[in-house]
Amino acid sequence: MTASPQPSGRSFPGSGLAKGLAVTLRTMTRKTVTAQYPETQPDLPPRTRGVIGLFEENCTVCMLCARECPDWCIYIDSHKETVPPAAPGGRERSRNVLDRFAIDFSLCMYCGICIEVCPFDALFWSPEFEYAETDIRDLTHERDKLRDWMWTVPAPPALVPAAEEPKEYAAARKSTDRTAAQQAAEAAAAAEAAQPDSGRPGSTQPESDRPEDGDAR
C-alpha cells in the first residue's frame, strides 16, 4: 500500500485572498480606456457580421437563399420576361426579373447560410450595425436599403500581389458597359429615324416622281 504524496509547500491562511487583492491592485493601476461611442466609431474587424448587403446585378432569383434560410426571413418576388434573340434567327429566351428582395432582421439570426449558399455571389456581409428601429416592423428592409448597404462591404484582400480584381467589380463593369451600349444604340436608332428620307445618303427619288423625257425638254 503506497502512501499519498504530501504537498511540497504549505500555504498560509489568507493566501488566496492576498492573490485576489493583488490582481485587483494591478487592475486599478492601469489606465482606463473608454470608447467614446457614438462620437468615435469602433474599429471593427473586416469579417464583422453586421447586416447583409445585396448585389442586385448578380441575383438570378434562384430562390436558394430563401429556401435554405432556417428562419424564413427572406422574401423574394419575381416575374418572367421574354428576351429577344441576340442574333437574327435565334430563339427567344425567358429570364427571371427581381421585383422584391427583403430581409426581416427581427427574425434573422446572422448564421450566414444565405451568403454561403448563394451560387452567384449576390449577398455579402457588411460591418454596418446601426440600424435599430423603435418599431419591430421597420426591421424588414427592402432591396433598396440592402443595395445601399452593399457599398459598405469591405473590399476582399488580394491573395497575391498580382491577383486579378474581384469578379464582382468585373460583373458590375460589364453590366454598366452593356447598359451604356444599349442606350447608345437606342439613341442612334432614334436619331436615324428622325432624319427625313431625302436627307439620307444614297436615297433615290421614286420613279413616279421622276420627270418624263418629254417634260424635261
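Note that the numbering runs from 1 along the sequence shown for the chain. Computation of the quantities below employed the complete heavy-atom set of this structure, encompassing side-chain atoms and omitting hydrogens, waters and symmetry-equivalent molecules.
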Provide the closest heavy-atom pair for E56 versus R147 in the form atom of the first, atom of the second, distance.
-> N-NH1, 3.5 Å
Shared-cluster residues of V23, by chain and number - hydrophobic side chains joined below 4.5 Å | none
Sequence neighbours excluded, the answer for side-chain contact (heavy atoms from CB on, under 4.5 Å) partners of R178 is K174, S175
With sequence neighbours excluded, what pairs up with R49 under the side chain to side chain donor-acceptor pair (under 3.5 Å) test?
-> none
Please say which of I74, V61, D77 ends up in a side-chain contact (heavy atoms from CB on, under 4.5 Å) with F101.
-> I74
Distance-only donor-acceptor pairs under 3.5 Å for side chains of residues 28-41, two or more places apart:
unit_1	atom_1	unit_2	atom_2	d
T29	OG1	L25	O	3.3
T29	OG1	R26	O	2.8
Y37	OH	E130	OE2	2.6

Could I get the full list of side-chain contact (heavy atoms from CB on, under 4.5 Å) partners for K19, not counting sequence neighbours?
-> none
Test log, rule side chain to side chain contact (heavy atoms under 4.5 Å, CB included), inputs H141 and E133 | CA-CA 11 Å; H141 295 290; E133 301 289 347; 4.1 Å; yes
What donor-acceptor contacts under 3.5 angstrom involve side-chain atoms of residues 79-89, with partners at least two apart or in another chain?
unit_1	atom_1	unit_2	atom_2	d
H79	ND1	D99	OD1	2.9
H79	ND1	D99	OD2	2.9
H79	NE2	E81	OE2	3.2
K80	NZ	N96	OD1	2.9

Of all heavy-atom pairs between P154 and W125, which one has the smallest distance, and what is that distance?
-> CD-O, 4.3 Å
Taking the side chain as C-beta and beyond, is there a heavy-atom pair between E142 and R100 under 4.5 Å?
-> yes
Which donor-acceptor pairs under 3.5 Å do side chains of residues 102-123 form with protein atoms, sequence neighbours excluded?
unit_1	atom_1	unit_2	atom_2	d
D104	OD1	S106	N	3.1
D104	OD1	S106	OG	2.5
D104	OD1	T140	OG1	3.3
D104	OD2	S106	OG	3.3
Y110	OH	Y131	OH	2.2
D121	OD2	K167	NZ	3.0

Remaining members of F124's ILVMFWY cluster at a side-chain heavy-atom cut-off under 4.5 Å?
-> F55, M150, V153
Gap between atom CG of L98 and atom OG of S78 - 0.5 Å precision | 7.0 Å
Residues at least two apart in sequence or cross-chain that pass salt bridge (Lys or Arg N to Asp or Glu O under 4.0 Å) with R173, listed by chain then number, are E165
State which residues pass side-chain contact (heavy atoms from CB on, under 4.5 Å) with D135; sequence neighbours excluded, sorted by chain then number.
-> R137, D138
Return the set of residues passing side-chain contact (heavy atoms from CB on, under 4.5 Å) with T48 (not counting sequence neighbours), or none when no residue passes.
-> L44, P45, P127
Could you tell me which residues satisfy side chain to side chain donor-acceptor pair (under 3.5 Å) with T152, sequence neighbours excluded, listed by chain and number?
-> S126
